[in-house]
Structures are given as C-alpha cells and as structure tokens.
Amino acid sequence: ILRTYNVPDGTVFIDDNDVNDISIKSVRDASAYVPQDNFLFSDTIENNIAFAIDDDGKEDAAEAVEKAARLSDVHNNIIEFKDAYKTVLGERGVTVSGGQKQRISIARAMLKNPSILILDDSVSAVDTATEKVILDNIGKTRKGLTTVLIAHRISTVERMDKIIFIDDGRIAASGTHMELYEKCADYRKMVELQKLEDEGGENKNA
C-alpha cells in the first residue's frame, strides 16, 4: 500500500486506482503507518506527536497534539511527567515505557488524520482495557476513512468490518468476526484459546 516496494500491476488498488499508477508522494501523504517497533525522535513529546505538521505550524499545534494524545489514551501519562508535553525523550524514546511509546506513535498518526491508517501490531504493548479505549476512539473519529489493523489478538480486530485471517502466509478465510467464528475452525480455535488465556490472567490477578 505504501509502495515501500512495488507489487505487480493490478494487485493493490486505492479508490479503484492501481497503486502503481499513483505517485509515491500522493500515497504517503494520504497515509499514516504505525509499526510495532515504532521510532520516536530525541525531541519533546509534543514535537514527536506533531511530526506531520510543518515547522511553521508547530507553535500553534498544542491543542491538536493534546487532542491526538487523548484519542490514543496517553494524555494522562504525559501530564504526569515533570515537563508534560515538553518532556524530551531519550534516543529512540527510552524515557517512556513500551506501551507509552506505542500510544505516542498512534497519537502522531491520529493527528495527521490520514485517509489510510495502518496499525501494524501497534497496540501489542498495551493492556486490553487501554486497547479498547483506543479502538473505540478510532471507530468514532475515522468514519468514512480506511483503517487497517494487523494483530495477533482477536480483541484487536473483532469489531472490524472485515477480517482477513492469514495462516502460514496464505488467506485462510475472510469475513466478519461472527462469520469467521462460525465457518473457520482455526479462527474459532484461536478465539477460544485467547479467551482461556484472558480468563487465566484474570484469575491469577484476582
């Protein structure tokens, strides 16, 4: 999708246009990508989130930055730091936890408000309650836009309009959560196993 490498013609389409016929700049201007191992700059949290804003506009970006941080459920963590949004992160974001790093990266993508948002296992370091808040906010704010979620946790994808279940590098099934649960034995097995794991964790913490 992002044309990091080119696929054969007629393979990937955006709004009925072959992605190979669209300029790389146009595709990337319309997209935001949050990988699992994301990159934060040795700069303030505010500037990390405001990365998509031109330097001339960053002075007036505080309100937009806070809104994005609230959408990614990291605002309350940020204001606990002594310098709040002006906190300078260490190299590659070592000042913050893995979950905070992921949520700051999601805030950066949310502030851009792209036509295409790709979250590649990017809530793997947060708990399920925080994940639910983030996904609820994405659902409320991105109506009419395209969001692609790549995940191993069923809870991350179960409310998506369409799920593509990949097994050993091939598409095993596709459909809604309930459709896959009913027609795909491997998907159903994964749902039941993760449910047992979640219940086991809750009992352990009780």
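Being a predicted model, the structure only gives us computed values, none of them experimental.
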>> Looking at A50, is its backbone amide N or carbonyl O close enough to the side chain of R108 to form a donor-acceptor pair, meaning the two atoms are under 3.5 Å apart?
In response: no
Exercise. Under a 4.5 Å cut-off applied to non-hydrogen side-chain atoms, are C184 and F165 in contact?
Worked result: yes
_S105 (side chain) donor-acceptor with K101 (main chain) under 3.5 angstrom_ = yes
- request: May I ask you to check whether over 12 heavy atoms, not counting those of M160, lie within 6.0 Å of atom CE?
  value: yes
Item checked: R153 side chain to V123 backbone, donor-acceptor under 3.5 Å -> yes
CD1 (I14) and CG (D21) are apart, to the nearest 0.5 Å, by 11.0 Å
Exercise for the section: Using modelled atom types only, decide if a donor and an acceptor are shared between the side chain of N48 and the backbone of T44 within a distance under 3.5 Å. Expected result: yes
Next on the checklist: Within the 4.5 Å heavy-atom criterion, are D43 and V88 side-chain neighbours or not?
Outcome noted: no
Give a yes or no on whether a salt bridge exists between K132 and D136, defined as a side-chain N under 4.0 angstrom from a carboxylate O. yes
NZ (K189) and CD (Q194) are apart, to the nearest 0.5 Å, by 12.5 Å
For S124 and Q36, the nearest pair of non-hydrogen atoms, with its separation, is OG-NE2, 3.3 Å
CG of L145 to CG of L117, rounded to nearest 0.5 Å, is 9.0 Å
Quiz question: by atom type and distance under 3.5 Å, do the side chains of N77 and R103 form a donor-acceptor pair?
yes
Just say parallel, tilted or perpendicular for the rings of H177 and Y181, cut-offs at 30° and 60°. tilted
Start with the C-alpha distance between D29 and S26, add both sets of side-chain angles, then the distance that settles side-chain hydrogen bond (donor to acceptor under 3.5 Å, both in side chains), and finish with yes or no. CA-CA 5 Å; D29 282 349; S26 296; 5.9 Å; no
For I22, is the CD1 atom crowded, meaning more than 12 foreign heavy atoms sit under 6.0 Å from it? yes
So CZ of R28 and CD1 of I116: to nearest 0.5 Å the spacing works out to 12.5 Å
CD1 (I166) and CD1 (I164) are apart, to the nearest 0.5 Å, by 6.5 Å
Exercise. Looking at side-chain heavy atoms only, is the closest gap between L119 and V148 below 4.5 Å?
Worked result: no
Shortest non-hydrogen pair, Q102 vs A125, comes out as OE1-N, 2.9 Å
Between R142 and P114 (side chain of the first, backbone of the second, donor and acceptor by atom type, cut-off under 3.5 Å), is there such a pair? yes
Requested in this report: Would you check if the side chain of N137 reaches a backbone N or O of L71 as a donor-acceptor pair within less than 3.5 Å?
Outcome: yes
Looking only at heavy atoms, the pair that brings E179 and T176 closest together is OE1-N, 2.9 Å
| task | Report whether V133 and L135 are members of the same hydrophobic cluster (ILVMFWY, side-chain heavy atoms less than 4.5 Å apart, transitive linking). | result | no
May I ask you to check whether E182 and Y187 show a side-chain donor-acceptor distance below 3.5 Å? no
Is there a path from I138 to V65 through hydrophobic residues (I, L, V, M, F, W, Y) whose side chains come within less than 4.5 Å of each other?
no
Closest heavy-atom pair, V157 versus A151, reported as atoms and distance to 0.1 Å, is CG1-CB, 4.0 Å
Practice task
Give the cluster check for L89 versus Y85: same hydrophobic cluster or not, with ILVMFWY residues linked at side-chain heavy-atom distances below 4.5 Å.
Solution key: yes
Without hydrogens or angle criteria, can the side chains of N20 and D9 be said to hold a donor-acceptor pair below 3.5 Å?
yes
Check: Do I79 and I45 belong together in a cluster built from hydrophobic side chains that touch within less than 4.5 Å?
Finding: yes
Check: What do you reckon, is NZ of K183 surrounded by more than 12 foreign heavy atoms closer than 6.0 Å?
Finding: yes
| Just by modelled atom types, is the S31 backbone N or O under 3.5 Å from a matching donor or acceptor in the K112 side chain? | yes
Using side-chain heavy atoms (C-beta onward) and a distance below 4.5 Å, is L2 in contact with I24? no
Is there a path of hydrophobic side-chain contacts, each under 4.5 Å between heavy atoms, that joins I150 and V7? yes
Under 3.5 Å, is there a donor-acceptor pair between the S155 and E131 side chains? yes
Checklist entry - Is Y33 close to D120 at the side-chain level, that is, under 4.5 Å between some pair of heavy atoms? => result yes
Closest heavy-atom pair, A107 versus A68, reported as atoms and distance to 0.1 Å, is O-CB, 3.4 Å
- Query: When you look at CG of D127, are more than 12 heavy atoms from neighbouring residues, nucleotides or ligands closer to it than 6.0 Å?
  - Reply: yes
Taken to the nearest 0.5 Å, the spacing of I106 CD1 from I49 CD1 works out to 11.0 Å
